[in-house]
Amino acid sequence: MKKIKKAVIPAAGLGTRFLPATKAQPKEMLPIVDTPAIQYIVEEAIASGIEEILIITGRNKRSIEDHFDRSLELELQLKAQGKYDQLKMIEEISDIQVHFVRQKEAKGLGHAVLCAKQFIGEEPFAVLLGDDLVDAKVPALAQLIQAYDDMGGSILGVQKVASKDVSRYGIVRPKSVKPRVWQALDLVEKPSPEDAPSELAVLGRYVLTPAIFDLLEKTQPGAGGEIQLTDAISRLSTKEAVFAYAFEGRRYDIGDKEGFLEATVEYALKRPELRDPFLSYLTNTIGPMLGKR
Ligand code: G1P
């Protein structure tokens, strides 16, 4: 079986849920504590054994390219000031090999992934969505790759969501295979709770076989008038086995304001240098306010 070496990170969306912050800057560059969201995603891919990363960008996304480029002036200045820890940090970011392709029109996630066809070729590959941040002991994508090695077909990273939330996600029609694994018989993009085939939602991590590209080429606009990855995967599931795998980890929807705030607070509490002062602020300043609501 072919090893998963390449990953695609679609980052061409307009980020309308985060206006006005995203009017002139990509939502993928919004920081969680001090690190742009997309850097966490790239780091997850690398920690999962990915060797080549393609980011699908669009207009207004140049700062993503700049972030992974060298920053010579900054490097010189940090060196001159003897700030070697920071120098090492920014050098490590620009050492990451990232490729870019532009999606020229915002025609949906399926169309964005189709822009990776040439880069991927005839190999199975990973897709990581930037809105889904996962904090896990074993990186979420590494868990999916393990499931791919076990099952030998496309793998969708899922978790159970509340019934009222199914209309925000791609939802799987599952057939139980073994603990944490289902065969996905079908998928529905953003169903109403009444029409949802289950509460297993695809949460931004995929391992896909290259057969997806021919199907994406034939996929007509679906939910929201966009070419949906979910619709193409649904077609794929009629041609070859597609599995859903319930990955472990705390997942944040950072494309949503509340999810973004949750991630910010929880990631801040994980930083040794911030934990104590921030906890004391939450306890002493915010805590008493909660009692008064
Ligand atoms: C996209 C996918 C959806 C998936 C979701 C995960 O939706 O289309 O199937 O469940 O990401 O976050 P979006 O959040 O772009 O509307």
Side-chain angles (χ1 to χ4, degrees), residues 7-19 22 26-28 30 37-38 40-41 44 55-58 61 103 106-116 126-135 140-141 144 154-174 182 184 186-193 195-208 212 215-216 219-237 242-247 249-260 262-263:
V8 178
I9 303 178
L14 298 176
T16 44
R17 286 194 289 173
F18 247 107
L19 282 167
T22 51
K27 64 172 174 174
E28 293 78 9
L30 296 178
I38 196 157
Y40 291 102
I41 306 291
E44 180 187 323
I55 301 182
I56 314 290
T57 64
K61 302 282 183 172
Q103 182 190 23
K107 289 205 234 169
L109 178 60
H111 181 258
V113 171
L114 184 55
C115 295
V127 177
L128 301 98
L129 304 188
D131 280 350
D132 298 283
L133 197 59
V134 185
D135 183 34
L141 181 62
L144 262 67
S154 293
I155 308 285
L156 315 173
V158 299
Q159 283 188 348
K160 197 163 179 269
V161 297
S163 172
K164 66 172 177 45
D165 291 332
V166 290
S167 57
R168 291 163 56 183
Y169 302 107
I171 303 292
V172 170
R173 183 184 306 282
W182 298 263
D186 185 13
L187 279 99
V188 190
E189 180 68 10
K190 303 194 169 72
S192 63
D195 297 335
S198 74
E199 289 163 2
L200 288 175
V202 181
L203 296 181
R205 297 293 182 276
Y206 310 76
V207 170
L208 297 171
I212 196 70
L215 298 170
L216 280 170
T219 301
Q220 298 298 316
E226 299 190 331
I227 296 175
Q228 295 291 349
L229 180 59
T230 300
D231 293 346
I233 299 174
S234 192
R235 292 278 304 284
L236 185 66
S237 71
V242 171
F243 299 96
Y245 176 78
F247 60 90
R250 169 117 168 84
R251 172 257 175 192
Y252 304 86
D253 177 6
I254 57 167
D256 172 71
K257 285 174 202 144
E258 211 179 302
F260 183 86
E262 287 175 16

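As the structure lists them, so they are numbered: ligands from 1, and atoms in each ligand from 1. In this chain, residues are counted from 1 in sequence order.
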Could you give the distance from CD (E199) to NZ (K164), rounded to the nearest 0.5 Å?
11.0 Å
Does S234 have any side-chain hydrogen bond (donor to acceptor under 3.5 Å, both in side chains) partners at least two apart in sequence or in another chain, and if so, which?
D186
Could you measure the distance from the CG atom of L216 to the CG atom of L208? Nearest 0.5 Å is fine.
8.5 Å
Indicate yes or no: at least one non-hydrogen side-chain atom of E44 is less than 4.5 angstrom from one of R205.
yes
With a 4.0 Å cut-off on N to O distance, would you call R251 and D132 a salt bridge?
yes
Ion pair check, K257 and E262, cut-off under 4.0 Å
no
Starting from the N and O atoms of ligand 1, find every protein N or O within less than 3.5 Å and list the pair with its distance.
{"from": "ligand 1", "atom 1": "7 (O)", "to": "K190", "atom 2": "NZ", "distance (Å)": "3.3"}
{"from": "ligand 1", "atom 1": "8 (O)", "to": "E189", "atom 2": "OE1", "distance (Å)": "3.4"}
{"from": "ligand 1", "atom 1": "8 (O)", "to": "E189", "atom 2": "OE2", "distance (Å)": "2.7"}
{"from": "ligand 1", "atom 1": "9 (O)", "to": "G170", "atom 2": "N", "distance (Å)": "3.0"}
{"from": "ligand 1", "atom 1": "9 (O)", "to": "E189", "atom 2": "OE1", "distance (Å)": "2.7"}
{"from": "ligand 1", "atom 1": "9 (O)", "to": "T230", "atom 2": "OG1", "distance (Å)": "3.1"}
{"from": "ligand 1", "atom 1": "10 (O)", "to": "G170", "atom 2": "N", "distance (Å)": "2.9"}
{"from": "ligand 1", "atom 1": "10 (O)", "to": "V202", "atom 2": "O", "distance (Å)": "2.5"}
{"from": "ligand 1", "atom 1": "12 (O)", "to": "D132", "atom 2": "OD1", "distance (Å)": "3.2"}
{"from": "ligand 1", "atom 1": "12 (O)", "to": "D132", "atom 2": "OD2", "distance (Å)": "2.8"}
{"from": "ligand 1", "atom 1": "16 (O)", "to": "K190", "atom 2": "NZ", "distance (Å)": "2.7"}

